[in-house]
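Hydrogens, waters and symmetry mates play no part in the numbers below; they use all other heavy atoms, side chains included. Throughout, protein chains are lettered first and strands after them, A, B, ... in sequence-line order, and every chain is numbered starting at 1.
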Number of protein chains: 2
Amino acid sequence: MKPTRVTNSIRSLRFAHGQMTQADLANRIGVTRQTVIAIEQGRYSPSLEMAFQIARVFGAALDDVFQYPDSTGETP
Amino acid sequence: MKPTRVTNSIRSLRFAHGQMTQADLANRIGVTRQTVIAIEQGRYSPSLEMAFQIARVFGAALDDVFQYPDSTGETP
DNA sequence: CGGCGAAGTCAAAAAACTTTGACATGATGT
DNA sequence: ACATCATGTCAAAGTTTTTTGACTTCGCCG
């Protein structure tokens, strides 16, 4: 699988919102626990739709939850 | 395919940036023309990574390029 | 100790996204 | 009229994301 360059603040946001568990978050956005785990760990970048749903649960903007590096210079 | 609820302003942004063509945009973000067409028409929502690349080409924030409806009331 | 909840791993199948290539249409220019 | 460019459609193959289910680990409570 292609590693993703997108990182996120989901873990912090979960704790900042009343110790919300991964399973809770998964239920709220209508996906499985597996998906939350994988995204939280940055295994791959989610679909834009899911990203919107996650951001909405936390009442945050997309750029507040997900970060994309500058891509200036990276030559893997 | 699942229809997406995410809309976007790509078409306007392309014109606002010097008549950039779909092929131009596709080249700049490293995808095919097909993908740009499909996303611009809202056939499906792109990956978050691609969304970031598109926004970056236009120098805009994600929420400036893509919109997600309120989802209050929809019961398909 | 034994049980429970939260987090994590693995693998295989399903669904969604992306690419490839071939072709059609309308507008523009020569 | 003919060529060209931008846009669009269709379908099949390829890749990434999401689901399903079974199984582990750690910390905590009773």
Enquirer: Please test B/Tyr44 against A/Glu49 for side-chain contact (heavy atoms from CB on, under 4.5 Å), starting from the C-alpha separation and ending with a verdict.
Expert: CA-CA 9 Å; B/Tyr44 47 71; A/Glu49 198 156 4; over 6 Å; no
Enquirer: May I have the distance from B/Ile10 (atom CD1) to D/dG8 (atom P), rounded to whole angstrom?
Expert: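 Rounding to the nearest Å, CD1 of B/Ile10 and P of D/dG8 are 12 Å apart.
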Enquirer: Could you verify whether a donor N or O on one side chain and an acceptor N or O on the other, from A/Thr32 and A/Thr35, lie under 3.5 Å apart?
Expert: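 Side chains of A/Thr32 and A/Thr35: pair found under 3.5 Å.
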Enquirer: What's the CD-P distance between A/Gln19 and D/dG27, to the nearest Å?
Expert: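 These atoms are roughly 17 Å apart.
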Enquirer: So A/Arg56 and A/Ile29, do their side chains get closer than 4.5 Å, heavy atoms only?
Expert: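 No, every pair of side-chain atoms sits at 4.5 Å or beyond.
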Enquirer: Reckon B/Arg11 has a side-chain N or O less than 4.0 Å from the OP1 or OP2 of D/dA6?
Expert: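 Indeed not, no polar side-chain atom of B/Arg11 lies that close.
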Enquirer: Using whole Å, report how far CE of A/Met50 lies from C1' of D/dT18.
Expert: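 Checked: the CE to C1' distance equals 7 Å.
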Enquirer: State which of C/dT18, C/dG8, D/dG8 makes the closest approach to the side chain of B/Glu40.
Expert: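 Nearest to the side-chain atoms of B/Glu40, counting from C-beta on, is D/dG8.
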Enquirer: Taking only the side-chain heavy atoms of A/Gln41 (C-beta and beyond), determine which of D/dT19, C/dT9, D/dT18 contains the nearest atom.
Expert: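 Shortest atom-to-atom distance from the side chain points to C/dT9.
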Enquirer: Rounded to whole angstrom units, what separation is found between the CG atom of A/Asn8 and the P atom of D/dT17?
Expert: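 A/Asn8 atom CG is separated from D/dT17 atom P by 14 Å.
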Enquirer: Mind calculating the distance between CG (B/Leu48) and C1' (D/dT16) to the nearest angstrom?
Expert: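 After rounding, the gap between these two atoms is 14 Å.
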Enquirer: Need one value for A/Ser47: base, sugar-phosphate or nothing, where a base atom within 4.0 Å counts as base even if backbone is also close, heavy atoms only.
Expert: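 Result for A/Ser47 = sugar-phosphate.
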Enquirer: Just N and O in the side chain of B/Arg43: are any of them under 4.0 Å from OP1 or OP2 of D/dT9?
Expert: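 Yes, because at least one side-chain N or O of B/Arg43 sits under 4.0 Å from OP1 or OP2 of D/dT9.
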Enquirer: Mapping A/Gly30 and B/Gln34 to their closest nucleotides on DNA chain D, which lands nearer the 5' end?
Expert: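 Here B/Gln34 is the residue nearer the 5' end.
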Enquirer: Which part of the nucleic acid does A/Thr21 contact within heavy-atom distance under 4.0 Å: base, sugar-phosphate only, or nothing?
Expert: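 A/Thr21: backbone/sugar contact only, no base atoms under 4.0 Å.
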Enquirer: Expressed as a whole number of angstroms, how long is the span from A/Arg14:CZ to C/dG5:P?
Expert: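 Whole-Å distance recorded here is 17 Å.
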Enquirer: Counting any heavy atom closer than 4.0 Å, what does B/Arg33 reach on the DNA or RNA strands: base, sugar-phosphate only, or nothing?
Expert: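 Base contact.
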Enquirer: Between B/Glu49 and B/Gln22, which is nearer to the 5' end of DNA chain D once each is assigned its nearest nucleotide?
Expert: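 Residue closer to the 5' terminus by nearest nucleotide: B/Gln22.
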Enquirer: Nearest whole angstrom, please: distance from the P of C/dC17 to the CD1 of B/Ile37.
Expert: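 So the two atoms are 17 Å apart, to the nearest Å.
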Enquirer: State, yes or no, whether a side-chain contact exists between B/Gln53 and B/Arg28 at a heavy-atom distance under 4.5 Å.
Expert: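 Result no, sub-4.5 Å side-chain heavy-atom pair not found.
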Enquirer: Nearest to the side chain of A/Thr35, heavy atoms from C-beta on, is which of D/dT9, D/dT17, D/dT19?
Expert: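 Nucleotide nearest to A/Thr35's side chain: D/dT19.
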Enquirer: Out of D/dT19, C/dT18, D/dT7, which has the shortest distance to the side chain of A/Val31?
Expert: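 Looking only at heavy atoms from C-beta outward on A/Val31, the closest nucleotide is D/dT19.
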Enquirer: Quick check for you: among D/dT17, D/dG8, C/dT9, whose closest atom lies nearest to any side-chain atom of A/Tyr44?
Expert: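 Within the option list, the nearest is D/dT17.
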Enquirer: Are the side chains of A/Asn27 and A/Arg33 in touch, meaning some heavy atoms are under 4.5 Å apart?
Expert: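 They are not in contact (no side-chain heavy atoms under 4.5 Å apart), so the answer is no.
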Enquirer: Please state how far atom CD1 in A/Ile29 lies from atom P in D/dT17, giving the value in whole angstrom units.
Expert: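 Interatomic distance, CD1 of A/Ile29 to P of D/dT17: 15 Å.
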